[in-house]
Amino acid sequence: MDHFDYVNGVMHVEQVPMAEIAQAVGTPVYIYSTATLTRHVNVFRDALAQLDDPLIAFAVKANPNGAVLATLAKLGLGADVVSGGELLRAIAAGIPASRIVFSGVGKTAEEMRLALEHGIFQFNLESEPEADMLSEVAMSMGKTAPVAYRINPDVDAGTHAKISTGKSENKFGIPYDRALESYAVARDLPGLDVQGVAVHIGSQLTDLTPLEAAFTKVGALIEQLRAAGHSIRTADLGGGLGVPYDPSLPIPPLPAVYGEMVTRITKGWNVRLMFEPGRVIVGNAGALLSRVVRVKQGAQAPFVIVDAAMNDLMRPSLYDAWHDIRAVVPVGRRETANVVGPVCETGDTFAMHRDMDVVQAGDLVAFMTAGAYGATMAGTYNSRPLTPEVLVSGDKWAVVRARPPIEALIEGDSIPDWVRD
Ligand SMILES: *Cc1c(COP(=O)(O)O)cnc(C)c1O
């Protein structure tokens, strides 16, 4: 559920007409709803109510905007970070280090040092060489690093190949079958405190079966590790729960159903459970608002050319992702059209042969469910400035990232004298 609704035929976000924001900030612009963020945090937390003190660490990469992170920090969430930059952004937004977990296959010594200085809750290690490096860094600082290994359970998440992470051929985690050896290596390394097990098999999961299979493997591993003398106190079950993008498809499992499954599978584990939800918290809380530049005739269907492009919202070109596209003021008629951006790539296509509201030049359209992996992936391809972001709460709204002037792009380059001469 979200808070993007039509009031008298005009799309609002909470109590603010979308057109008011377009007028003031220009388009394209990302718009986030505080009420939706809050609702999703509460729904996710309620789903885990049977668990003892779970740590819910928002996957920062889904939406690292400072105002979004600060909203989630106020609601008590921690953070799952995958770079030194995300760590600093989470801390700057008020998320305490004691609720931060650091994932990723390529953590550098410098990032490890930064995380140790701040005293984060857990490092999720993804290989034995990474354990070696963290041991050295921690020793050089006279510190002990709390660690878990992320295991690769060799489970097919059944999602798009580019967001599947739990098959043995993927780069993530340590092979499940070698886990006992890897844990033995880590236990003998100075400066590491081996406290847990972690897993994350992919994103936009629309079926709980692969998650249940992965969690069952984690449970079995915890038993084996304890039998081998390890003191396992945490289990990080990752993120991955899908959100509804296409209203014509069945809705993905609700957090409550996920929570029931987790509660059932983890019964008797006797660990602190950790979760890393990203998309399910922010996906439906955001929309990308864009204006139609012109409509041109196509061979089969008209091309609706909008002022948003693949650099603003990469998901369709990167993952063949489907976003609902709605007129902000629907005229009540529908047609089949193609929706494209102005970038000079055929991949700059948001939808082909889409049944959608009839729109014309100057109309506003909203790309729905764009709060996750939207602005965070934006770039400046075709020398388009980064997309601005707005946060709404009730009848209030604020720009939480301004549109940079084009001069910033130009001035960012420096031209050596020997080129100028
Ligand atoms: C991306 C990621 C997540 C979040 O995934 P969602 O599908 O957005 O919930 C969680 N954990 C790790 C390690 C990730 O890489």
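Just so it is clear, the structure is predicted and the values come from calculations on it, not from any experiment. Whatever order the structure lists them in is the order used to number ligands and atoms, beginning at 1.
- For the pair Arg272 and Phe121, the cation-pi test (distance below 6.0 Å, angle within 45°) is passed.
- Residues Phe172 and His200 keep their aromatic ring centres 6.0 Å or farther apart.
- By the 4.0 Å heavy-atom criterion, Phe172 is excluded from the residues contacting ligand 1.
- Residue Ala372 places no heavy atom under 4.0 Å from ligand 1.
- Of the possible donor and acceptor atoms, none in the side chain of Thr266 sits under 3.5 Å from a partner among the backbone N and O of Trp269.
- Close approach to Gly239 involves these atoms of ligand 1, each under 4.0 Å from a residue heavy atom: 9 (O), 10 (C).
- Within ligand 1, counting atoms from 1 as listed, the ones closer than 4.0 Å to a heavy atom of Ser103 are 13 (C).
- Remark: distances from the non-hydrogen atoms of Asp80 to ligand 1 include one below 4.0 Å.
- Atoms of ligand 1 found under 4.0 Å from any heavy atom of Arg150 (numbered from 1 in listed order, with element): 13 (C).
- On a distance-only criterion, Gly278 and ligand 1 share at least one N/O pair closer than 3.5 Å.
- Classification of Arg291 and Asp307 as a salt-bridged pair fails, no side-chain N sitting under 4.0 Å from a carboxylate O.
- Against a heavy-atom cut-off of under 4.0 Å, Tyr373 is close to the following atoms of ligand 1: 1 (C), 4 (C), 5 (O), 6 (P), 8 (O).
- Against a heavy-atom cut-off of under 4.0 Å, Arg279 is close to the following atoms of ligand 1: 6 (P), 8 (O), 9 (O).
- The single protein non-hydrogen atom nearest to atom 14 (C) of ligand 1 is Lys61 NZ, 2.9 Å, given as residue, atom name and distance.
- Interface of Ser203 with ligand 1, defined as ligand atoms under 4.0 Å from a residue heavy atom, comprises 6 (P), 7 (O), 8 (O).
- Ligand 1 places these atoms under 4.0 Å from at least one heavy atom of Glu276: 3 (C), 4 (C), 9 (O), 10 (C), 11 (N), 12 (C), 13 (C).
- Taking the ring axis of Phe123 as reference, the NZ or CZ atom of Lys107 does not stay both within 45° of it and closer than 6.0 Å to the ring centre.
- The closest donor-acceptor contact from the side chain of Arg401 to the backbone of Val399 lies at 3.5 Å or more, if one exists at all.
- The N/O atoms of Ala59, backbone and side chain alike, include none that comes under 3.5 Å of an N/O atom in ligand 1.
- The cationic atom of Arg264 (NZ for Lys, CZ for Arg) does not lie both less than 6.0 Å from the six-membered ring centre of Phe215 and within 45° of the ring axis.
- Without hydrogens or angle criteria, His323 side chain to Met368 main chain gives a donor-acceptor distance under 3.5 Å.
- Relative to the six-membered ring of Trp322, Arg354 meets both conditions, a distance below 6.0 Å and an angle of at most 45° to the axis.
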